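Atoms considered below: every heavy atom in the structure, side chains included; atoms not considered: hydrogens, waters and symmetry mates. Note that this is a predicted model, so its numbers are computed, not measured. Chain naming here is simple, since letters A, B, ... match the order of the sequence lines and numbering starts at 1 in each.
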Protein chains: 2
Amino acid sequence: MNEFELCPRFEKAVSILSQRWTALILYQLMAGPQRFCTMTDKLGISGKTLSERLKDLEQQNFVIRNVYPETPVRIEYTLTKKGMSLTPIMKEIENWSKTWIEQTEVQDNI
Amino acid sequence: MNEFELCPRFEKAVSILSQRWTALILYQLMAGPQRFCTMTDKLGISGKTLSERLKDLEQQNFVIRNVYPETPVRIEYTLTKKGMSLTPIMKEIENWSKTWIEQTEVQDNI
DNA sequence: TAAAGTTAGTTACATAAAGTAAGTTACTTA
DNA sequence: TAAGTAACTTACTTTATGTAACTAACTTTA
């Protein structure tokens with residue numbers, strides 16, 4: 001059935017980026033290290049799903065988890081070099097959205 | 001809860017591209033017009049989901065559906081200008097995958 | 001010292017999205 | 001008349017995600 005004429009590396013890249021929330025999480029982290037609760041607040045993602053995604057991203061070496069044993073404990077997620085390397089893709093999406101997403105398409109999200 | 005510090009246009013663009021299969025469908029169509037059954041074969045997507053995605057993409061003006069009343073009927077999906085405008089994003093992903101996706105990460109998909 | 005607060009999660013249950021496989025429509029050729 | 005073809009659709013199952021309550025570990029407040 002599957003003839004796989006698609007480049008498998010491209011397919012893999014898309015499968016990473018098109019998993020729900022992953023691109024937004026990575027984009028958020030491009031602004032600098034973030035804590036768990038900051039991300040749930042900013043993205044509107046559930047704690048359960050964020051927890052899963054961050055584990056996946058850590059395992060795939062996009063993100064590093066740093067523990068600061070303060071009180072209360074502070075845990076920060078930071079992009080690795082691999083994570084940072086996605087910046088041009090994000091910029092391209094950002095750029096595209098400026099031309100092609102209408103103001104009106106976005107109203108119901110506000 | 002949601003402070004929405006993210007640019008809503010960027011968020012919208014990501015929500016389009018990160019819906020499962022959408023990026024792969026658009027990428028396939030960049031190679032030229034395609035028929036329904038060609039796409040199910042090449043992508044390994046179910047007919048049901050492809051049908052849904054194509055309707056969405058048509059409605060959002062990424063894709064046009066052309067009916068050729070031959071026998072049996074031929075229906076071709078083609079990218080619009082808006083659909084084509086995503087090419088630089090796809091190229092950027094393609095490019096990224098060449099550097100950052102290892103051969104080994106991809107083996108189990110073949 | 002007991003109660004309440006904080007961060008970073010996890011768990012159990014509910015809803016939504018996607019996959020599977022069979023069925024439908026409309027037309028044709030053997 | 002039977003079988004074939006393309007493009008779907010439908011009913012049912014599996015997987016993914018959301019919600020809200022709960023836990024651990026430590027601290028501050030009453």
Tell me, please, which residues at least two apart from A:S15 pass side-chain contact (heavy atoms from CB on, under 4.5 Å). A:K12
Identify every side-chain donor-acceptor pair in residues 89-96 of chain A under 3.5 Å, counting partners at least two apart or on other chains, and give the distances.
from: A:K91; atom 1: NZ; to: A:E94; atom 2: OE1; distance (Å): 3.4
from: A:E94; atom 1: OE2; to: A:Y27; atom 2: OH; distance (Å): 2.4
from: A:W96; atom 1: NE1; to: B:S85; atom 2: OG; distance (Å): 2.7

Students should find this one: the first and last nucleotides of DNA chain D, 5' to 3', lying under 4.0 Å from a heavy atom of chain A. What are they? D:dT17 to D:dT27
Whole Å only: how far is the CZ atom of A:R20 from the C1' atom of C:dA17? 9 Å
Pairing residues for B:P33 by the side-chain contact (heavy atoms from CB on, under 4.5 Å) criterion, not counting sequence neighbours: B:E76, B:T78
What pairs meet the salt bridge (Lys or Arg N to Asp or Glu O under 4.0 Å) rule with one or both residues in residues 53-71 of chain A, with sequence neighbours excluded? A:E70-A:R74
Working for side-chain contact (heavy atoms from CB on, under 4.5 Å), residues A:M30 and A:L79: CA-CA 7 Å; A:M30 283 171 190; A:L79 290 183; 3.5 Å; yes
Are there any protein N/O atoms within less than 3.5 Å of an N/O atom in nucleotides 9-13 of chain C, and if so, which ones and at what distance?
from: C:dG9; atom 1: OP1; to: A:R65; atom 2: NH2; distance (Å): 2.7
from: C:dG9; atom 1: OP2; to: A:Y77; atom 2: OH; distance (Å): 2.4
from: C:dT10; atom 1: OP1; to: A:K55; atom 2: NZ; distance (Å): 2.9
from: C:dT10; atom 1: OP2; to: A:S51; atom 2: OG; distance (Å): 2.5
from: C:dT10; atom 1: OP2; to: A:K55; atom 2: NZ; distance (Å): 3.3

Can you pull out every ring-ring contact (aromatic ring centres under 6.0 Å, His included) where at least one residue sits in residues 63-87 of chain B? Sequence neighbours excluded, please. none
State which residues pass side-chain contact (heavy atoms from CB on, under 4.5 Å) with B:K98; sequence neighbours excluded, sorted by chain then number. none
Under 4.0 Å from OP1 or OP2 of C:dA17: is there any side-chain N or O of B:W21 that close? no
Taking side-chain hydrogen bond (donor to acceptor under 3.5 Å, both in side chains) as the definition, give me every residue that meets it alongside A:S18, ordered by chain and number, with sequence neighbours left out. none
Touch check for B:S46, heavy atoms < 4.0 angstrom, all strands: base, sugar-phosphate only, or nothing? base
A:Q34 atom CD is separated from C:dA8 atom P, nearest whole Å, by 12 Å
